[in-house]
Amino acid sequence: MAVSLIGRADLTIDEKILVWRFNRGSKDALKMIYEKYKDDLLGLAITLLRDRSLAEDVVHDVFVAFAGTTGSFYLSGKLKGYLSTCVANGARDRNRLRSRRNLGLEAAEAMHCDSGDPIEHVIDSEQSGRLTQLLGRVVYEQREVIVLHLHQGMRFKEIAAALGISINTVQSRYRYGLDKLRSIMNSMVTK
Amino acid sequence: MKPTENIEEFVRLEKPHVTTGETIDKRTLNDSFAAMDETVRANKTSAVGIILRSRAAKLAAAAVIILAIGLLAIQFGPSEQEPSETRNVAKSPADMLSVMSLNMAYRRGGIEAVDDLSNEAFEMLGSQPANVSIRELLAESNGV
């Protein structure tokens with residue numbers, strides 16, 4: 001019964017009802033929310049961090065923190081937008097921590113290869129490797145805005161509110177990020 | 001198509017499609033359920049904590065308890081109290097019609113109370129005739 005409900009979650013259960021049930025301590029509702037968004041959020045975290053194990057930790061922490069808000073959680077926008085913002089914030093914190101520890105991108109990638117499941121790693125690399133590699137050469141703040149806008153479908157206004165920056169900053173980061181991406185791709189073509 | 005749109009389209013199409021592993025699903029859900037239980041427990045205890053900390057809530061709780069005790073006392077207490085026996089102190093009609101008694105009666109209930117006291121004294125005396133003529137009454141009051 002629970003499995004069939006999870007399978008039809010997109011069709012039958014409205015997001016607000018899910019949140020309402022979650023606020024009343026329903027574990028089924030929490031499980032449905034997790035099943036609905038986990039892959040999308042993991043993809044976002046991997047694109048931002050380029051490290052699967054770190055990305056999994058971020059998604060784990062986001063859901064544990066989210067579960068802790070039961071009874072008092074208030075949703076003003078879309079749940080996907082809220083969770084994406086949480087993942088982006090968590091990824092930024094991890095990225096800062098990684099930078100402080102002087103772990104370069106290469107070291108992080110090496111850590112990824114060692115810690116993750118090799119089969120999953122190969123599949124993920126094939127599916128998302130190109131973009132992840134290209135975005136890895138873009139400044140983190142610009143990458144964050146690009147991914148939140150183009151992958152998570154968040155508007156600039158929502159991103160600005162979520163990150164606590166002005167909409168002009170968001171737009172300029174987005175524009176500079178795309179320019180950087182284009183120049184990287186052009187340089188690859190000319191080579 | 002503009003170059004910017006090309007890039008945007010490329011990024012959209014290259015969105016990574018990854019799936020979470022069974023182990024991470026299990027770990028995340030278990031930890032999330034534990035966090036949820038913890039929060040529910042904390043919310044329940046915090047309701048009691050609010051009552052214990054807040055002065056207004058303390059007073060309200062005390063009022064509710066007193067009200068409840070009162071209602072219980074009414075519900076399960078003696079249904080009808082026996083009227084306490086009051087001893088009627090026998091007074092003589094002379095005492096009842098003294099200046100002090102009449103004065104007290106007047107203060108208590110006005111002229112009606114004086115009238116009632118007088119009637120009571122006369123009933124105790126039982127000596128008034130059934131029919132009194134005006135002449136006899138005037139003669140009695142004038143001392144003639």
Quiz item: What are the two closest non-hydrogen atoms of B:Asp31 and A:Val64, and how far apart are they?
Solution: CB-CG2, 3.6 Å
Quiz item: Between A:Asp40 and B:Lys15, does a side chain to side chain contact (heavy atoms under 4.5 Å, CB included) hold up when you go through it step by step?
Solution: CA-CA 10 Å; A:Asp40 205 29; B:Lys15 181 180 177 180; 2.9 Å; yes
Practice problem: Check the hydrophobic clustering (I, L, V, M, F, W, Y; side-chain heavy atoms under 4.5 Å; chains of links allowed) and say if A:Tyr140 and A:Leu54 are grouped together. | Solution: yes
Quiz item: Quick check: are there more than 12 heavy atoms from other residues, nucleotides or ligands sitting under 6.0 Å from NZ of A:Lys180?
Solution: no
Exercise. Find out if a path of hydrophobic residues (ILVMFWY) with successive side-chain heavy-atom gaps under 4.5 Å connects B:Leu117 to B:Tyr106.
Key: yes
Practice problem: Please flag which part of B:Leu29 lies under 4.5 Å from any non-hydrogen atom of chain A: side chain, backbone, both or neither. | Solution: side chain
Quiz item: Are B:Glu8 and A:Tyr174 side-chain neighbours, meaning at least one heavy-atom pair lies under 4.5 Å?
Solution: yes
Quiz prompt | For the student: nearest non-hydrogen atoms of B:Ser32 and A:Ala67, plus distance | solution = O-CB, 3.1 Å
Quiz item: A:Leu18, A:Leu79: one ILVMFWY side-chain cluster at the under-4.5 Å cut-off?
Solution: yes
Quiz item: Taking C-beta and beyond as the side chain, do A:Thr69 and B:Thr39 meet within less than 4.5 Å on heavy atoms?
Solution: no
Quiz item: Just checking, any donor-acceptor pair under 3.5 angstrom between side chains of A:Asp39 and B:His17?
Solution: no
Quiz item: Can you pull out the residues in residues 145-161 of chain A with any heavy atom less than 4.5 Å from chain B?
Solution: A:Ile146, A:Leu150, A:His151, A:Gln152
Quiz item: Just how far is it from atom CD1 of B:Ile24 to atom NE2 of A:His60, taken to the nearest 0.5 Å?
Solution: 6.5 Å
Quiz item: Rounded to the nearest 0.5 Å, how far does CD1 of B:Ile7 lie from CE of A:Met185?
Solution: 4.5 Å
Quiz item: Does one hydrophobic cluster hold both A:Ile165 and A:Leu178, with members joined at side-chain heavy-atom distances below 4.5 Å?
Solution: yes
Quiz item: When only pairs under 4.5 Å are counted, which of A:Phe63, A:Phe22, A:Tyr34 shares the most heavy-atom pairs with chain B?
Solution: A:Tyr34
Quiz item: CZ/B:Phe33 to NZ/A:Lys31 distance, rounded to the nearest 0.5 angstrom?
Solution: 6.5 Å
Self-check item: Contacting moiety of B:Asp37, where chain A heavy atoms sit under 4.5 Å
Solution: side chain
Quiz item: Should A:Ile167 and A:Leu163 be regarded as members of a common hydrophobic cluster, given that ILVMFWY residues are connected when their side-chain heavy atoms come within less than 4.5 Å of each other, either directly or indirectly?
Solution: yes
Quiz item: Which heavy-atom pair separates A:Asp57 from B:Arg27 by the least distance, and what is that distance?
Solution: OD1-NH2, 3.3 Å
Quiz prompt | Proximal component of A:Thr70, with respect to chain B [non-hydrogen, under 4.5 Å] | solution = both
Quiz item: Do A:Glu56 and B:Thr28 have side-chain heavy atoms sitting under 4.5 Å apart?
Solution: no
Quiz item: In Å and rounded to the nearest 0.5 Å, what is the CG to CG distance from B:Asp25 to A:Leu42?
Solution: 9.5 Å
